[in-house]
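Input: a single structure, listed below in structure tokens.
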Amino acid sequence: MKYLFYMLSVVTLLIGCSNNDTGTVEIKWDRDSCERCKMAISDRHFAAQIRGGAKNKPYAFDDLGCALHWLNKQTWHKKAKIWVTDYRNGQWIDARTAYYVPGQMTPMDFDFGAVAEQVEGSVDFATAKAQMLAKKHKPHKPSHNQSTP
């Protein structure tokens, strides 16, 4: 019995001390902010994450367009790992192997929703990336519900 307790303690310690420095990290929805535009990340269907740089640090974004514009300014952009959520189910997928469906209403109006497999009308990462980088980031507009002074 002592041996089992000892082994469980060691396993618990190892799990608790492990450092996930290769994949996605948990996003605190409606609390974490987009690295680029500083808006709260609240839509699980269009979020993105990038991991890279000297310390392989994770960065979170509310829209893949924000992520790509931000990443394009980093010296390590070619080595970065990029994930995006499948807009149909919110599951994390590799952004470079995903396909992109145009015409989606995304948080920053970059208009592409990612899917894990090719569907009718979808485009590859390179095509979607080029179109998102060609599009300027729109300034934030006040909600129609806000009254003007």
Could R88 and E117 be called an ion pair, given the rule that one side-chain N must be under 4.0 Å from one carboxylate O?
-> yes
Salt bridge present between K135 and D111 (N-O < 4.0 angstrom) |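 Looking at K135 and D111, the cut-off is met.
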Nearest heavy-atom pair of [X] and [Y]: which atoms, and what distance?
X	Y	answer
A114	Y100	CB-CE2, 3.5 Å
I41	F61	CD1-N, 3.7 Å
P107	D62	CG-O, 3.2 Å
F125	R96	CB-O, 3.6 Å
F46	M105	CE1-O, 3.6 Å
E35	K38	O-NZ, 2.8 Å

Starting from the C-alpha separation in whole Å, work towards a yes-or-no answer on side chain to side chain contact (heavy atoms under 4.5 Å, CB included) for L71 and I82.
-> CA-CA 10 Å; L71 182 60; I82 310 168; 3.6 Å; yes
Closer than 3.5 angstrom, by distance alone: can the side chain of [X] be matched with the main-chain N or O of [Y] as a donor-acceptor pair?
X	Y	answer
R51	K81	no
T85	A47	yes
Q49	V25	yes
D63	M108	yes
D32	K28	yes

If you round to the nearest 0.5 Å, how far is CG of N72 from CE of M132?
-> 12.0 Å
Between CH2 on residue W70 and CD1 on residue I50, distance to nearest 0.5 Å | 5.5 Å
Stepwise side chain to side chain contact (heavy atoms under 4.5 Å, CB included) test for V119 and V101 = CA-CA 8 Å; V119 298; V101 179; 3.7 Å; yes
Applying side chain to side chain contact (heavy atoms under 4.5 Å, CB included), run through L68 and L64 and close with a yes or a no.
-> CA-CA 6 Å; L68 294 174; L64 181 59; 3.9 Å; yes
According to a hydrophobic-cluster definition based on side-chain heavy atoms being under 4.5 Å apart (Ile, Leu, Val, Met, Phe, Trp, Tyr only), do [X] and [Y] belong together?
X	Y	value
F112	M39	yes
Y59	W29	no
L133	V84	yes

Any chance OH of Y99 has more than 12 other-residue heavy atoms, nucleotides or ligands included, within less than 6.0 Å?
-> no
Tell me, yes or no, whether the heavy-atom count around K78 atom NZ, taken from other residues, nucleotides or ligands under 6.0 Å, exceeds 12.
-> no
Show your working on side chain to side chain contact (heavy atoms under 4.5 Å, CB included) between H69 and F110 and close with a plain yes or no.
-> CA-CA 11 Å; H69 277 273; F110 284 102; 3.6 Å; yes
